[in-house]
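Before any comments, here is the structure.
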Amino acid sequence: MGAATSSIPSASYQLLPQSRTSGRSICHPMATDKDLDVNIAGDSPEEARPNSQDGLNDDPEMEGLTLYEKKALLVDRELDSHGMGKYQWYIFFLCGFGYLIDLLYAQAFSLVEPAIQQEFGFGDKESGNIFSSFSAGLTAGAFVWGRQYAFNLTVLISSVFGLCLAAPNNYSGILVLTAFVGFGVGGNIPIDTTICLEFLPQNRRFLLALLSVFQPLGVVIACGIAYGFIPFYSCGNGSDGKPLLACNNVALGAPCCTKSSNFGWRYTLLCIGAICIVVFFLRFVVFNFQESPKFLLYRGRDDKAVEVLQKIAKFNGRGCSVTLESFEALSTEETSTATPDTDTAILDGGAKQLKQSWGTKFKIEMQRYKILFENFTMARLTLLVWITYAFDYWGFSIAGSFLPKILLLKNSAIDISVAQTYRNFVIIYICGVPGVILGALMYGIPRIGRKWAMIGSSALMGISLFLFATVNTEASNIGLNAMEYFFQSMFNAVLYGWTPEVFPAPIRGTAAGVASFWGRLFSIISPLIAADLLVKSLNAPLYLAGGGVLISTIALLLMPYKSLGAQSY
């Protein structure tokens, strides 16, 4: 994960000159919020600028750009001319389903864990293992999966192993299958975010934040399914009014929690696996996904990038103005794809990269990591993004994993039934939908939206966790949990949309992926610590989660101001 030690020079990303024809600034990570919030293109094809080959290199907007950036600008103009075409809407919803599945399973495990513990009889300290297994699978999946294959196959992997989760007769088998479910889901969020960003017209980038609305929808669906099965198909209590113990923890012949009387959690996971099968069918069979043209340009596949643009245009029922000749016309003596002294291909050098040795290609790939630390401001941005993700995941992993269990225990102490508690889960988590919508609206407010939306929502999320630890009434339990999830959803909606925009396209996937890795890593560790604390105090995990979220708030306050709201190629 470290920066490359290669002597190959890295690309420089700075604020480029403003176009004299359009008034638009081409912004890289050091641009301001105001630059981003310019309305870049209208919805109608008439408002898009032509990509005529004549005079492309004389276009003042091309001044100072690398060859890759010039090609990316043509791609942006072409996609902007489509507006929100049929292809863009398909991508938006199918990427949203990836978000939905991620939270479907994450929430499902927290909802079914109490029933699984009752049946198999493991201790409270082991209750965090299922959440850590899922997060470990997510982390591994984020590293292994690529782009196009990830988009198509991760859902299949998660659905197959998710359906198998109903079969094991012991906790160890459940942990193994849970890790494989996480492995399938793991590549979804980073790749769905990146793909959606690179196909959206630039004046519809706020939809990237709105993509997160599928997460609370996934949580609500999981809660609704669990409410329909778990309270009515679970072991429940014995004649003494206490929960039945696991059969391996009682004498032979004594009443206990048997598999046949505890199918509610299995029905829940089977339904979620079936939903994933449907999503896989939509992604793999119904819709023909195309790789991002910018990613193909970065890989030196100019011909394939043109082919993709033509397919998208045909799908949207319009013509395509970009040809291979358009890209070739951008190459001049002044536009270099290699270092002049060694003739070694540089990052985003296009087809030149394809002719290099494997060792050189590896060095070129490592340049992406080097760019993350190429100057003080970029290094500061990178490190603070990592801290934000690490402690955001720390906080919401503990909250998502243990709040349902803590709420069940608190409600039991004030004589609220299991069925009523599961009903309350639906009420609580539906509040995430308006949270995402508010985040998307704040996302587009110049100079204020991104920064204060993230700082304010993360701080209020942490405060709500602290407050929940101090009270125990049905109204306060619903209200404070709803408040926590509202601001959690708002925070992550803005964070996930902002992260890929703030880094240049050649390293966008790398930057988002590494940030997600640190988050996933902390989400493996935090449930284990929280489970250990839960044995000692019911409210200790709440303080642990709230403290982590407030560290994210501090990191955002220290973020270089000009990075908040930037966008780049």
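Residue S158 comes nearest to V185 through the heavy atom pair CB-CG2, 3.5 Å, listed as atom of the first residue, atom of the second, then distance. Nearest heavy atoms, I427 versus I430: O-CG2, 3.1 Å. Of all heavy-atom pairs spanning A530 and P541, the tightest one is O-CG, 3.6 Å. When all heavy atoms of C95 and I195 are compared, the pair lying nearest together is SG-CG2, 4.2 Å. Nearest approach of S458 to T553, heavy atoms of both residues: OG-OG1, 2.7 Å. Between L94 and L282, the closest heavy-atom pair is CD2-CB, 4.1 Å.
Note that the OG atom of S159 and the CD1 atom of I101 stand 8.0 Å from one another [nearest 0.5 Å]. The distance from the CG atom of L269 to the CG atom of L177 is 10.5 Å, given to the nearest 0.5 Å. Annotation: the span from I130 atom CD1 to S401 atom OG amounts to 9.5 Å, rounded to 0.5 Å. Distance check, rounded to the nearest 0.5 Å: CG of N481 to CG of L465 gives 8.0 Å. To the nearest 0.5 Å, atoms CG (N262) and OH (Y267) are separated by 10.5 Å. Note that OH of Y393 and OG of S552 are 11.0 Å apart. Values are rounded to the nearest 0.5 Å.
In this view, K259 satisfies the salt bridge (Lys or Arg N to Asp or Glu O under 4.0 Å) rule with no residue, not counting sequence neighbours. For Q420, the side-chain hydrogen bond (donor to acceptor under 3.5 Å, both in side chains) partners two or more places apart in sequence, or in a different chain, are E474.
Two rings, from F284 and F281, have their centers 6.0 Å or more apart. For F287 and Y90, the ring centers sit closer than 6.0 Å to each other. Taking the six-membered ring for Trp and the full ring otherwise, Y485 and Y429 have centroids separated by under 6.0 Å. With ring centers used as reference points, F109 lies 6.0 Å or more from F131. A ring-centre distance under 6.0 Å is not found for F425 and Y227.
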Margin query: Run the side chain to side chain contact (heavy atoms under 4.5 Å, CB included) test on Q215 and Y496 for me, step by step, so that the C-alpha distance in whole Å, both residues' side-chain angles and the decisive distance to 0.1 Å come before the verdict.
Written below: CA-CA 12 Å; Q215 291 188 315; Y496 292 159; 3.7 Å; yes
Next item on the list: Just do the side chain to side chain contact (heavy atoms under 4.5 Å, CB included) check on Y422 and C223 with the steps written out, would you?
Entry: CA-CA 7 Å; Y422 274 88; C223 291; over 6 Å; no
Next item on the list: Take L407 and I428, measure what side chain to side chain contact (heavy atoms under 4.5 Å, CB included) needs, and give me the verdict at the end.
Entry: CA-CA 11 Å; L407 191 57; I428 288 166; 3.7 Å; yes
Next item on the list: Determine, stepwise, if the pair C235 / C257 fulfils disulfide (SG to SG under 2.5 Å).
Entry: CA-CA 5 Å; C235 295; C257 182; 1.8 Å; yes
Next item on the list: With side chain to side chain contact (heavy atoms under 4.5 Å, CB included) as the test, would you mind laying out the steps for I406 and L409 before giving the verdict?
Entry: CA-CA 5 Å; I406 291 172; L409 293 172; 5.7 Å; no
Next item on the list: Show your working on side-chain hydrogen bond (donor to acceptor under 3.5 Å, both in side chains) between N477 and N411 and close with a plain yes or no.
Entry: CA-CA 8 Å; N477 291 347; N411 280 353; 3.2 Å; yes
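In this structure, M559 and L381 have side chains that are in contact, with non-hydrogen atoms separated by less than 4.5 Å. Using a 4.5 Å heavy-atom threshold, the side chains of Y233 and R266 count as separate. A 4.5 Å side-chain heavy-atom check between I463 and F487 finds every atom pair outside the cut-off. The side-chain heavy atoms of F466 and L550, taken from C-beta on, include a pair separated by under 4.5 Å. Using a 4.5 Å cut-off on side-chain heavy atoms (C-beta onward), I225 and I275 make contact. Looking at heavy atoms from C-beta onward, I398 lies out of side-chain contact with I529 at the 4.5 angstrom threshold. With a 4.5 Å cut-off on side-chain heavy atoms, P201 and H82 do not count as touching. In this structure the side chain of F229 never reaches within 4.5 angstrom of the side chain of L111, judged on heavy atoms.
Side-chain atoms of Q118 come within 3.5 Å of backbone N or O of L244 as a donor-acceptor pair. Under a 3.5 Å cut-off, the side chain of W394 and the backbone N or O of L544 do form a donor-acceptor pair. A donor-acceptor pair is defined here as one N or O able to donate and one able to accept, closer than 3.5 Å; such a pair exists between the side chain of W89 and the backbone of M84. Between the side chain of Q88 and the backbone N or O of L200 there is no donor-acceptor pair closer than 3.5 Å. Side chain of Y87 to backbone of F199: no donor-acceptor contact under 3.5 angstrom is found. In this structure, the side chain of T382 engages the main chain of L372 through a donor-acceptor pair within 3.5 Å. Under the 3.5 Å distance criterion, the side-chain polar atoms of S127 are matched with a main-chain donor or acceptor of D124. Judged purely by atom type and a 3.5 angstrom limit, S110 uses its side chain to pair as donor or acceptor with the backbone of G400. No side-chain donor-acceptor contact under 3.5 Å links N492 to the backbone of S212. Of the possible donor and acceptor atoms, none in the side chain of R520 sits under 3.5 Å from a partner among the backbone N and O of A140.
Neither side chain, Y543 nor S537, offers a donor N or O lying under 3.5 Å from an acceptor on the other.
A ring pair (Phe, Tyr, Trp, His ring centres under 6.0 Å) with F161 is found for one member of F180, Y105, F183, F134 and no other, namely F180.
Using bins of under 30°, 30° to 60° and over 60° for the plane-to-plane angle, the ring pair F97/F214 lands in the perpendicular bin.
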